Amino acid sequence: MRRIYPLLCGLTICASLNTNSAEAGETSSPFLISARAGTLGVGPEIEYHRQNSHWGVRGDFDYYNISLSDVKHEQASFSASGANYAEHGIVSATYGGRARLINGSILGDYYPWRKSAFRLTSGVIFSGSSISGKGVGHAQGSTTIGGRFTSPFDIPNAGYVGVKAHYAIAAPYVGLGFNTPVWGGFHINMDAGVMFHDDADIHTSPGGMMNDFPKAYSKLKTIADRKIHNYMDRKLPVYPVLMIGVGYRF
């Protein structure tokens, strides 16, 4: 019973908000401009929905950028040989990067009950979002010349491995949410749903002295591809969308 009581209170509050929504919006404009924040980024949204209509449409743009440093460490061994020399060692890559969210959406809303704030939503999210990173290499090993003389080496900045990953430019979205007035023309709205993306497109490239260690680069590339695919495609088979906004109806 202790768990049921808060749930009943929440349903009662939602029902009250829905009733207030219908009463407050009878003479209001169909245009609502909101500022939103969530897993798609931060940005504006404009909505067109006539009061007591089952249908509405929205468009929005969201952006967010975050930089990360020293986030991952990988190692790969390498070896090379020639007529009179041989070398072997390990390249350690320390990764830093940036996640950039750029999303725009065109959404259609269906309100099952004319006098309710609850809505079902589907549409398309256009995305220029990407994850990019750079792994700076640290090479350690030894070189043997003529089979006799061995010289160790330690190169702190042995080039880099660049990585960039992104999804397709457009993806379908389905979700649900609500939009309800709180004071005057001000509204609170929320969306929760999923974006169905395709497999991530991943590009890697060597730079600087990393071109001198092709075997090590090949191994680091394989590791990076596998781990990024594991995160972006397996751990996130769909991208979760949760957006909360405050708007004003003109």
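Any value given below was found using the heavy atoms of this structure, including those in side chains, with hydrogens, waters and symmetry copies removed. Source: prediction; values computed, not measured.
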### Query
In the single-linkage hydrophobic clustering (I, L, V, M, F, W, Y; side-chain heavy atoms under 4.5 Å), do Tyr248 and Met190 co-cluster?
yes
## Note on the structure
Nearest heavy-atom contact between Ala139 and Val91 is CB-CG2, 4.0 Å
### Query
Taking C-beta and beyond as the side chain, do Pro172 and Val174 meet within less than 4.5 Å on heavy atoms?
no
### Task
Return yes if some donor-acceptor pair links the side-chain N/O of Asp62 with the main-chain N/O of Leu40 below 3.5 Å, else return no.
no
#### Entry: Worked check of side-chain contact (heavy atoms from CB on, under 4.5 Å) between Ile228 and Ile131
CA-CA 10 Å; Ile228 293 174; Ile131 297 175; over 6 Å; no
### Closest non-hydrogen atom pair between Ala192 and Leu242, with its separation
CB-CD1, 4.1 Å
### Task
Working to the nearest 0.5 Å, report the span between CG of Leu101 and OH of Tyr239.
5.0 Å
### Query
If you measure from OH on Tyr48 to CZ on Phe31, what distance do you get to the nearest 0.5 Å?
6.0 Å
### Message
Could you walk me through whether Arg119 and Asp191 satisfy the side-chain contact (heavy atoms from CB on, under 4.5 Å) test, starting with their C-alpha distance in whole Å, then the side-chain angles of each, then the deciding distance to 0.1 Å, before giving a yes or no?
### Response
CA-CA 9 Å; Arg119 64 194 179 195; Asp191 284 283; 3.2 Å; yes
### Message
Before you tell me yes or no, could you show the steps for His138 and Asp154 under side chain to side chain donor-acceptor pair (under 3.5 Å), namely the whole-Å CA-CA distance, both residues' side-chain angles and the distance that decides it to 0.1 Å?
### Response
CA-CA 8 Å; His138 182 178; Asp154 188 334; 2.6 Å; yes
### Message
Test your reading of the model: is there a side-chain donor-acceptor pair from Ser105 to the backbone of Leu107, 3.5 Å cut-off?
### Response
no
### Query
Using the ring of each side chain (for Trp, its six-membered ring), is Tyr167 parallel, tilted or perpendicular to His197, with breaks at 30° and 60°?
parallel
### Query
For Gly56, does its backbone N or O pair with a side-chain atom of Tyr111 as donor and acceptor, under 3.5 Å?
no
### Task
Kindly indicate whether the side chain of Ser142, heavy atoms from C-beta on, has any atom under 4.5 Å from the side chain of His88.
yes
### Task
Evaluate the side chain to side chain donor-acceptor pair (under 3.5 Å) criterion for residues Ser132 and Ser130: first the C-alpha distance (whole Å), next the side-chain angles of each, then the deciding distance (0.1 Å), finally the verdict.
CA-CA 6 Å; Ser132 59; Ser130 65; 5.3 Å; no
### Task
Look at the side-chain heavy atoms of Ile, Leu, Val, Met, Phe, Trp and Tyr, link any pair under 4.5 Å apart, and say whether Ile46 and Ile106 land in one connected group.
no
### Query
Partners of Lys221 by salt bridge (Lys or Arg N to Asp or Glu O under 4.0 Å), sequence neighbours excluded?
Asp225
#### Entry: Hydrophobic cluster identity match, Ile33 and Val57, side-chain contacts under 4.5 Å
yes
### Message
Under a 3.5 Å distance rule, please check whether Tyr64 uses its side chain to pair with a backbone N or O of Ala37 as donor and acceptor.
### Response
no
### Message
When you measure from the side chain of Ser151 to the backbone of Thr143, do you find a donor-acceptor pair of N or O atoms at a distance under 3.5 Å?
### Response
no
### Query
According to a 4.5 Å side-chain heavy-atom criterion applied to Ile, Leu, Val, Met, Phe, Trp and Tyr, with indirect links allowed, do Ile125 and Val238 form part of one hydrophobic cluster?
no
#### Entry: Candidate pair Leu32 and Arg249, rule side-chain contact (heavy atoms from CB on, under 4.5 Å), full reasoning
CA-CA 4 Å; Leu32 175 71; Arg249 190 174 296 280; 3.9 Å; yes
#### Entry: Interatomic spacing from CD in Glu45 to CZ in Phe61 - rounded to 0.5 Å
13.5 Å
### Message
Check for me, please, whether Ile169 and Val194 land in the same ILVMFWY cluster - side-chain distances under 4.5 Å, paths through other members count.
### Response
no
### Query
Going from CG on Leu120 to NE2 on His54, what distance comes out if it is rounded to the nearest 0.5 angstrom?
12.0 Å
### Message
Between Arg100 and Ser129, does the side-chain contact (heavy atoms from CB on, under 4.5 Å) criterion hold? Intermediate values first, please.
### Response
CA-CA 5 Å; Arg100 184 177 67 172; Ser129 301; over 6 Å; no
### Message
Can you see whether Arg58 engages Ser34 through a side-chain donor-acceptor pair at a distance of less than 3.5 angstrom?
### Response
no
## Note on the structure
Interatomic distance, CE@Met243 vs CG@Asp60, rounded to 0.5 Å, equals 6.5 Å
### Message
If you define the side chain from C-beta out and look only at heavy atoms, does anything of His49 sit under 4.5 Å from Pro30?
### Response
no
### Summary
Distance col, row Arg234:CZ vs Arg226:CZ, nearest 0.5 angstrom, shows 10.0 Å
